[in-house]
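This one's a predicted model, so the numbers in the text were calculated from it and none came from an experiment. A note on names: the letters A, B, ... follow the listed sequences, proteins ahead of strands, and every chain is numbered from 1.
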Number of protein chains: 2
Amino acid sequence: MNIGEIAKRAGVSRSTVSYALSGKRPVSTATARRINEVIDELGFRPNASARALAEGRTRTLSLVIPPASSRLTDAQLGFVASVVEVAATHDLDVLLSPSGGDHDRSFERIVTGRRVDGVILMEILLDDARVARLEQAGLPFVTIGHVEHPGASWWVDVDYAALIRRCVHHLADLDHRDVVLINRSDELVAAGYGPAVRSSAGFQEAADARGLTAHTVYCADEPAAGLTCFEDIRRRWPEVTAAVTINEAALPGLQQALHRARLDVPRDFSITGVVAGRLAEGFHPPLTAADVPAEEMARLAVDLLVERIADPSATPRNALLEPAVSLRSSTGARRR
Amino acid sequence: MNIGEIAKRAGVSRSTVSYALSGKRPVSTATARRINEVIDELGFRPNASARALAEGRTRTLSLVIPPASSRLTDAQLGFVASVVEVAATHDLDVLLSPSGGDHDRSFERIVTGRRVDGVILMEILLDDARVARLEQAGLPFVTIGHVEHPGASWWVDVDYAALIRRCVHHLADLDHRDVVLINRSDELVAAGYGPAVRSSAGFQEAADARGLTAHTVYCADEPAAGLTCFEDIRRRWPEVTAAVTINEAALPGLQQALHRARLDVPRDFSITGVVAGRLAEGFHPPLTAADVPAEEMARLAVDLLVERIADPSATPRNALLEPAVSLRSSTGARRR
DNA sequence: TTGTATGCGTTATCAC
DNA sequence: GTGATAACGCATACAA
């Protein structure tokens with residue numbers, strides 16, 4: 001069934017049906033009613049491909065996610081769900097595309113096949129080839145995270161450096177002198193993953209400012225790694241009394257390590273960092289941490305992208321979020 | 001840039017370019033080479049909308065997910081990522097569509113707009129309107145979970161009843177006499193959510209068979225609910241020594257409640273159930289549980305769907321998975 | 001082995 | 001206020 005069928009049954013031309021649907025041209029109330037009756041009766045909806053072809057836009061966004069092999073963290077997953085949700089409020093569909101590994105086939109298909117009107121790029125590196133690719137293709141896009149020299153570009157990010165600094169200051173205020181940063185994997189840092197790199201910088205900076213002794217460990221995104229990492233820390237720097245982390249996936253392992261070492265949090269050891277709110281609350285005891293504002297980031301990203309699509313020559317905008325550190329129960333004064 | 005442009009530059013007709021691309025008609029090596037040169041030089045890729053319109057298929061699947069408001073569980077999220085991954089191996093893109101709440105706008109758009117070649121429907125209810133809708137629309141689909149009377153349909157599911165029975169027998173073997181099922185929310189059960197309903201049935205069945213006293217609590221999908229649920233259990237039935245659960249999201253809260261009650265697992269209390277492997281391993285101590293095989297389900301679902309799309313009249317197939325219960329450290333003999 | 005012509009279902013530009 | 005009709009870019013049946 002197509003628009004011609006509707007036209008025939010309503011006794012009008014195809015263009016009239018089209019205009020009745022889009023409202024881009026006045027249609028007499030009588031014919032509009034007749035057309036709508038037929039449409040309702042037959043349950044007609046315009047063919048999306050035909051419409052996209054004629055209109056030059058697909059009413060679809062692409063969300064580029066890290067490959068499934070590198071399992072998504074809780075914050076990332078919340079973000080994906082929220083993006084879909086927000087896009088739906090704009091009547092936009094979202095096409096998922098795993099990328100970052102080898103199969104950038106999917107990414108290429110989307111970029112060159114004009115499959116979407118715009119792209120949201122998750123987990124970008126400080127120097128990311130896909131950014132250049134999108135620019136070259138002239139496809140509107142917004143990145144989650146920002147490249148090293150963002151210049152005039154569209155992005156939304158969390159200010160990891162600032163948040164981690166705040167965490168360190170908080171620990172310093174509680175009289176901790178030896179602290180450790182549980183970062184994400186060293187491969188990620190080596191690849192130039194912004195949050196990891198900027199957290200490192202912020203950590204060092206604040207530690208220096210407060211005269212703390214600062215150590216860093218790199219930890220794979222999985223519980224088991226969290227366990228061994230923490231044991232490593234205890235072995236190498238037994239004097240450390242507090243940890244800052246951005247590694248959500250390692251949290252369960254950390255929890256386990258703490259338990260094994262018979263360390264009470266926060267009496268014997270303090271923990272803080274940047275973590276999805278749900279995870280922070282799930283920790284025992286609930287984590288004093290900056291909650292990654294996944295929903296807000298999603299809303300901002302989609303809104304920015306919609307804006308950029310509507311006006312490709314608009315001046316670039318961005319948002320650097322600095323959510324509050326929620327005081328819960330995982331940090332306390334250093335025990336003498 | 002379009003196929004005509006390529007044809008002109010290569011000095012051939014448009015159809016020849018098209019055939020060179022699809023390989024559906026032999027093309028002399030000489031012209032093929034010339035065409036490919038031009039294509040590479042200009043970085044040409046056929047317009048997906050035009051191709052979809054002409055070909056009558058979109059090379060896109062839809063994955064219908066629960067609305068973000070009802071936060072996805074770990075197992076669900078692993079499933080989403082895997083579906084995208086597997087679809088990519090078939091050169092298929094995946095369109096995400098939240099549904100189940102009110103905004104079935106997205107769902108309707110996809111179904112009637114011929115936006116996709118097939119649909120994977122997650123989290124279906126025992127009696128699900130969307131199933132009927134898809135059947136009526138004549139759109140190939142595979143469901144995750146099966147309706148009450150599946151008849152001849154395409155689906156993949158986990159045999160919750162059987163797995164929960166196995167868990168109960170395991171507990172009975174360990175001499176537990178009073179057990180509780182920590183189910184998902186009562187709304188979900190009331191709505192007719194298969195895994196919740198079937199787990200209940202299996203639980204009751206096995207408990208009866210072994211002469212155990214069985215209780216059930218319904219628990220919202222969040223850590224806080226897990227905490228209060230467990231305290232509730234302790235208050236109402238202090239004699240209970242073991243729990244079976246399918247509620248992943250409640251796990252952190254459960255953990256916390258156990259700790260607060262100073263209950264050692266498995267010495268004082270045993271826990272088992274059906275849980276995503278990653279979560280089971282993150283628990284402390286690691287959970288003896290049936291791991292939801294998200295990747296395998298994803299692979300099966302996509303493969304079945306691809307098969308059904310290729311041959312809509314093929315005889316329906318389905319898969320009822322019964323993953324092994326991994327013995328870890330959270331169950332032990334009842335303490336006398 | 002290659003070219004021509006038509007159709008896919010809309011939108012939008014004319015014309016009336 | 002409404003109708004023809006030409007794009008949109010590709011696939012394919014039909015010719016040669």
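When each of L305(A), V86(A), V142(A) is checked for a side chain to side chain contact (heavy atoms under 4.5 Å, CB included) with L61(A), only L305(A) meets the rule.
Within 6.0 Å of CZ on R9(A) lie no more than 12 heavy atoms contributed by other residues, nucleotides or ligands.
In this entry the distance linking NZ of K8(B) with C1' of dG9(D) reads 14 Å, nearest Å. The separation between R57(B) atom CZ and dG9(C) atom P is 17 Å, rounded to whole Å. Distance CG (L53(B)) to C1' (dC10(D)): 8 Å, rounded to an integer number of Å. Distance R51(A) CZ to dA12(C) C1': 13 Å, rounded to the nearest Å. Note: CD (E55(B)) to C1' (dT6(C)) measures 17 Å, nearest angstrom. Protein atom CD1 of I35(A) is 14 Å distant from nucleotide atom P of dT10(C), rounded to whole Å. As a whole-Å value, the separation of M1(B) CE from dG9(D) P is 11 Å. Rounded to whole Å, atom P of dA12(C) lies 11 Å from atom CD1 of I3(A).
Residue T16(B) places at least one side-chain N or O under 4.0 Å from the OP1 or OP2 atom of dG3(C). The side chain of K24(B) contributes an N or O atom lying less than 4.0 Å from OP1 or OP2 of dT12(D). Distances shorter than 4.0 Å separate some side-chain N or O of T31(B) from OP1 or OP2 on dT2(C). Of the side-chain N and O atoms in S15(B), none sit less than 4.0 angstrom from OP1 or OP2 of dA5(C). Applying the 4.0 Å criterion to OP1 and OP2 of dG9(C), one finds that N47(A) has every side-chain N and O outside that range.
Both P26(A) and A54(A) lie close to DNA chain D; mapped to their nearest nucleotides by heavy-atom distance, the more 5′-ward contact belongs to P26(A). Nearest-nucleotide positions on DNA chain C for Y19(A) and G4(A) put G4(A) closer to the 5' end.
The main-chain N or O of D91(A) is never found under 3.5 Å from a side-chain atom of R59(A) such that the two would form a donor-acceptor pair. Checking side-chain atoms of T143(A) against main-chain N and O of H146(A) turns up no donor-acceptor pair under 3.5 Å. Under the 3.5 Å distance criterion, the side-chain polar atoms of D117(A) are matched with a main-chain donor or acceptor of T58(A).
A cation-pi geometry, defined here as NZ or CZ lying under 6.0 Å from the six-membered ring centre and within 45° of its normal, does not hold between R133(B) and F107(B).
Within the nucleic acid shown, S49(B) has no heavy atom closer than 4.0 Å to any nucleic acid atom. If you check every strand for non-hydrogen atoms under 4.0 Å, G11(A) touches sugar and phosphate atoms only. Across all strands, S22(B) comes closer than 4.0 Å to no nucleic acid atom at all (heavy-atom distances).
The side chain of S13(A) has dG3(D) as its nearest neighbour among dG3(C), dT10(C), dG3(D). Listed nucleotides: dC10(D), dC8(C), dG3(C). Nearest to the side chain of F44(B): dC10(D).
A donor and an acceptor atom never sit less than 3.5 Å apart when one is taken from the side chain of R45(A) and the other from the base of dG9(C). With hydrogens and angles ignored, no donor-acceptor pair closer than 3.5 Å exists between the side chain of R14(B) and the base of dT4(C). You won't find any donor-acceptor pair under 3.5 Å spanning the side chain of R25(B) and the base of dT1(C), going by distance alone. Contact annotation: side chain of R114(B) to base of dG9(C), donor-acceptor pair absent below 3.5 Å.
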